[in-house]
Amino acid sequence: MDRNKLLIGAYYFDKCNWDDFHVKCLSDANIDFLVAVSADAELLDLMKKYGIGVIATSNFELWWGGTGETGGTYCEKMPLELVDSIAASYKRHEALWGDYPVDEPNSKDFVHIGKVLNRYHEKLPGLLPFINLHPWYHDELCTAWLGNPYREYVQLYLEHIPNDYIALDIYPYSNLEVYTPNYLYGLEIISEACRVSNRDMWVIIQSGAWKKEDLLSEFQIRLQCMVALAFGARVIMHASWSPGWWEESTSCVDKQGQTNITQNYVRNVNEELKALGDTYMQYRSKGVFPIENASGSDSKMNAQLAELSRLNRELYKRSTPEEVTNVSSTNAALLCGYFENEKEEKALMIVNMRDIFDENAEADVKINYKGKIDLWINGKLTYENKESETFIFNLPSGSGAFVILK
């Protein structure tokens, strides 16, 4: 698992897909690894053939934190002696990157999860124990389900969980009343936790839908990836390849392994991510700054952008860098991730937030900067070493621009 690369994963890969044709489809779509699949030798051999990794749920039974009722009982489900027993008979494989023991845990289980992970690292060195956190919706729900308000929940994770990353799943198109209005705020909490603890951010995006009529368009999958990059994500995972919990016609393949249009969308977006990846991964997130435009976004998004601005001012005491204040749009709200590399050279990830539901909501972007820039739009190097004092370009709906300031 090369963590220096921008890695792309996908959830679920039903057994009807265990053949060369379907695994080649994964490879062609630039999927680096699968999550929540079996560590079956047949599947692992196929994955090895195409250079794809596996994070498995068959070695350690997956524990879901649920809605709070089972909080504090993971020690009964996975005593350390059971970790020792599993490790003693563990079958390693070149394609097996790690295991997925816990999903969306309750904070009451963090202490024991930390002990399990330490024992895992001791007994199975070189493998990755994958933990995915619950996203933020609102603190009343988080306290009921997770044991604490969300910021406290994440702080307890930092204190007790020894992983060098934080992963979360967040699906902005799956519930317009709960998930859409809290989308950016939830990402910001995790992004800031990663910055202060020097951990990598992993984001699981929505690539399916509950109903046929809610099938995502390519620009909506792209937007989620670009937003994740703006917040500093270094791993992006699609939920999901096989249907999982989504309506089967909306995932990359259906229950019979037949290709859905979503697979084409995912392949196209992943190709863009990989084209940008080596350049993007040279930089680290230093903050996310909204470029607000009250008439250039809907009310739900405007409220989130305003909240991010407030957090920067009041909670993080973080002033907006000059490089960001020089970015503007006459017709759209923008999200601007601010980045630096090891040489303290600056870069921006600018995302069109005009309307996340309208495929035609193009944004005009202006950057006042005296010097040279490299400009990547959706993985395409549009300008290289272009020199000017003002740079003007358009961002299609769902699009992101990675700008290197020279």
Side-chain angles (χ1 to χ4, degrees), residues 136 151 181-198 201 203 223 226-234 280 282-356 363-377 383 388-395 399-406:
W136 186 84
R151 285 190 182 276
N182 297 309
Y183 175 47
L184 299 182
Y185 186 47
L187 284 168
E188 170 54 28
I189 293 173
I190 298 298
S191 181
E192 181 65 12
C194 288
R195 283 189 287 270
V196 299
S197 65
N198 195 30
M201 183 177 183
V203 178
L223 176 124
M226 296 302 162
V227 167
L229 294 183
F231 280 99
R234 301 178 77 79
Y280 169 85
Q282 296 175 38
Y283 294 80
R284 287 276 182 177
S285 170
K286 298 299 178 181
V288 181
F289 300 88
I291 299 169
E292 297 178 59
N293 185 326
S295 62
S297 190
D298 64 65
S299 59
K300 290 178 181 178
M301 198 55 62
N302 273 329
Q304 293 181 75
L305 294 170
E307 177 64 8
L308 295 188
S309 293
R310 186 193 69 80
L311 290 172
N312 280 324
R313 289 192 311 270
E314 299 179 11
L315 182 62
Y316 306 141
K317 309 300 182 184
R318 182 183 292 140
S319 59
T320 304
E322 181 182 359
E323 294 88 349
V324 176
T325 62
N326 289 336
V327 179
S328 63
S329 174
T330 65
N331 68 341
L334 305 172
L335 188 69
C336 190
Y338 182 67
F339 293 78
E340 290 183 0
N341 64 12
E342 291 181 349
K343 299 178 181 179
E344 298 186 350
E345 296 167 333
K346 310 299 191 291
L348 308 173
M349 185 71 197
I350 303 168
V351 184
N352 176 0
M353 302 303 295
R354 183 176 175 186
D355 190 332
I356 69 171
D364 61 58
V365 180
K366 179 180 178 181
I367 304 175
N368 293 321
Y369 177 74
K370 187 176 182 179
K372 295 180 180 180
I373 70 167
D374 290 348
L375 172 66
W376 299 75
I377 297 179
Y383 302 153
S388 184
E389 295 185 4
T390 303
F391 302 88
I392 298 174
F393 55 91
N394 292 328
L395 275 182
S399 295
F402 192 67
V403 184
I404 298 174
L405 304 171
K406 299 185 172 183

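All residue numbers in this chain count up from 1 along the given sequence.
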Item to check | Donor-acceptor contact present, side-chain Gln304 to main-chain Leu184, <3.5 Å | outcome: yes
Item to check | Stepwise side-chain contact (heavy atoms from CB on, under 4.5 Å) test for Asn331 and Arg354 | outcome: CA-CA 8 Å; Asn331 68 341; Arg354 183 176 175 186; 3.1 Å; yes
Checklist entry - Which of parallel (below 30°), tilted (30 to 60°) and perpendicular (above 60°) describes Trp136 and Tyr185? => result perpendicular
Checklist entry - Of all heavy-atom pairs between Pro290 and Leu308, which one has the smallest distance, and what is that distance? => result CG-CB, 3.5 Å
Item to check | Inter-residue atom distance Tyr383.OH - Trp376.CH2, 0.5 Å rounding | outcome: 15.0 Å
Checklist entry - Under 6.0 Å from the NZ atom of Lys366, do we count more than 12 heavy atoms belonging to anything else shown? => result no
Checklist entry - Rounded to the nearest 0.5 Å, what separation is found between the CG atom of Leu305 and the CE atom of Met353? => result 6.0 Å
Item to check | Tyr338 and Phe289 aromatic ring geometry - parallel, tilted or perpendicular at 30°/60° bounds | outcome: perpendicular
Checklist entry - After noting the C-alpha distance and the side-chain angles of Leu348 and Val327, does the key distance pass the side-chain contact (heavy atoms from CB on, under 4.5 Å) rule? => result CA-CA 10 Å; Leu348 308 173; Val327 179; 3.8 Å; yes
Checklist entry - How about Ile356 and Met301: do any of their side-chain heavy atoms sit closer than 4.5 Å? => result yes
Next on the checklist: Are Arg234 and Arg284 packed together at the side-chain level, in the sense that at least one heavy-atom pair is separated by less than 4.5 angstrom?
Outcome noted: yes
Item to check | Flag, side chain of Lys346 to backbone of Glu344, donor-acceptor distance under 3.5 Å | outcome: yes
Checklist entry - If we only count heavy atoms from C-beta on, is the Ile367 to Ile350 side-chain gap below 4.5 Å? => result yes
Item to check | Any side-chain donor near an acceptor of the partner, Ser191 and Arg195, under 3.5 Å | outcome: yes
Next on the checklist: Would you compute the distance between atom CE of Met226 and atom OG of Ser399 and round it to the nearest 0.5 angstrom?
Outcome noted: 7.0 Å
Checklist entry - Does a donor on one side chain sit under 3.5 Å from an acceptor on the other, for Tyr369 and Glu322? => result no
Next on the checklist: Against Phe339, only a single residue in Phe231, Tyr280, Tyr283 fulfils ring-ring contact (aromatic ring centres under 6.0 Å, His included); can you say which?
Outcome noted: Tyr280
Checklist entry - OG of Ser319 to CZ of Arg313: how many Å apart, nearest 0.5 Å? => result 12.0 Å
Checklist entry - Between Asn293 and Ala333, is there a donor-acceptor pair closer than 3.5 Å when you use the side chain of the first and the backbone of the second? => result no
Checklist entry - In Å, rounded to the nearest 0.5 Å, how long is the span from CG of Asp364 to CD1 of Ile392? => result 8.5 Å
Checklist entry - By side chain to side chain donor-acceptor pair (under 3.5 Å), which residues pair with Arg318, not counting sequence neighbours? => result Glu192, Asn312
Next on the checklist: Any non-hydrogen side-chain atom of Glu188 less than 4.5 Å from a side-chain atom of Leu311?
Outcome noted: yes
Checklist outcome for this item: Heavy atoms of Glu292 and Ser309 approach each other most closely as OE2-OG, 2.7 Å
Item to check | Name of the residue among Thr325, Thr320, Val324 meeting side-chain contact (heavy atoms from CB on, under 4.5 Å) with Cys336 | outcome: Val324
Item to check | Distance-minimising heavy-atom pair for Ala347 and Phe402 | outcome: CB-CZ, 3.7 Å
Item to check | Non-hydrogen atoms of Leu395 and Gly400 that approach each other most closely | outcome: CD2-C, 3.9 Å
Next on the checklist: One pair to check against side-chain contact (heavy atoms from CB on, under 4.5 Å): Ile373 and Ile404. What are the steps and the verdict?
Outcome noted: CA-CA 5 Å; Ile373 70 167; Ile404 298 174; over 6 Å; no
Checklist entry - Can you check whether Ile189 reaches Arg151 side chain to side chain, under 4.5 Å on heavy atoms? => result yes
Item to check | Residues Met201, Ile190; criterion side-chain contact (heavy atoms from CB on, under 4.5 Å); working and verdict | outcome: CA-CA 7 Å; Met201 183 177 183; Ile190 298 298; 4.2 Å; yes
Checklist entry - Looking at CG of Leu335 and CG of Asn352, how far apart are the two atoms once the value is rounded to the nearest 0.5 Å? => result 10.5 Å
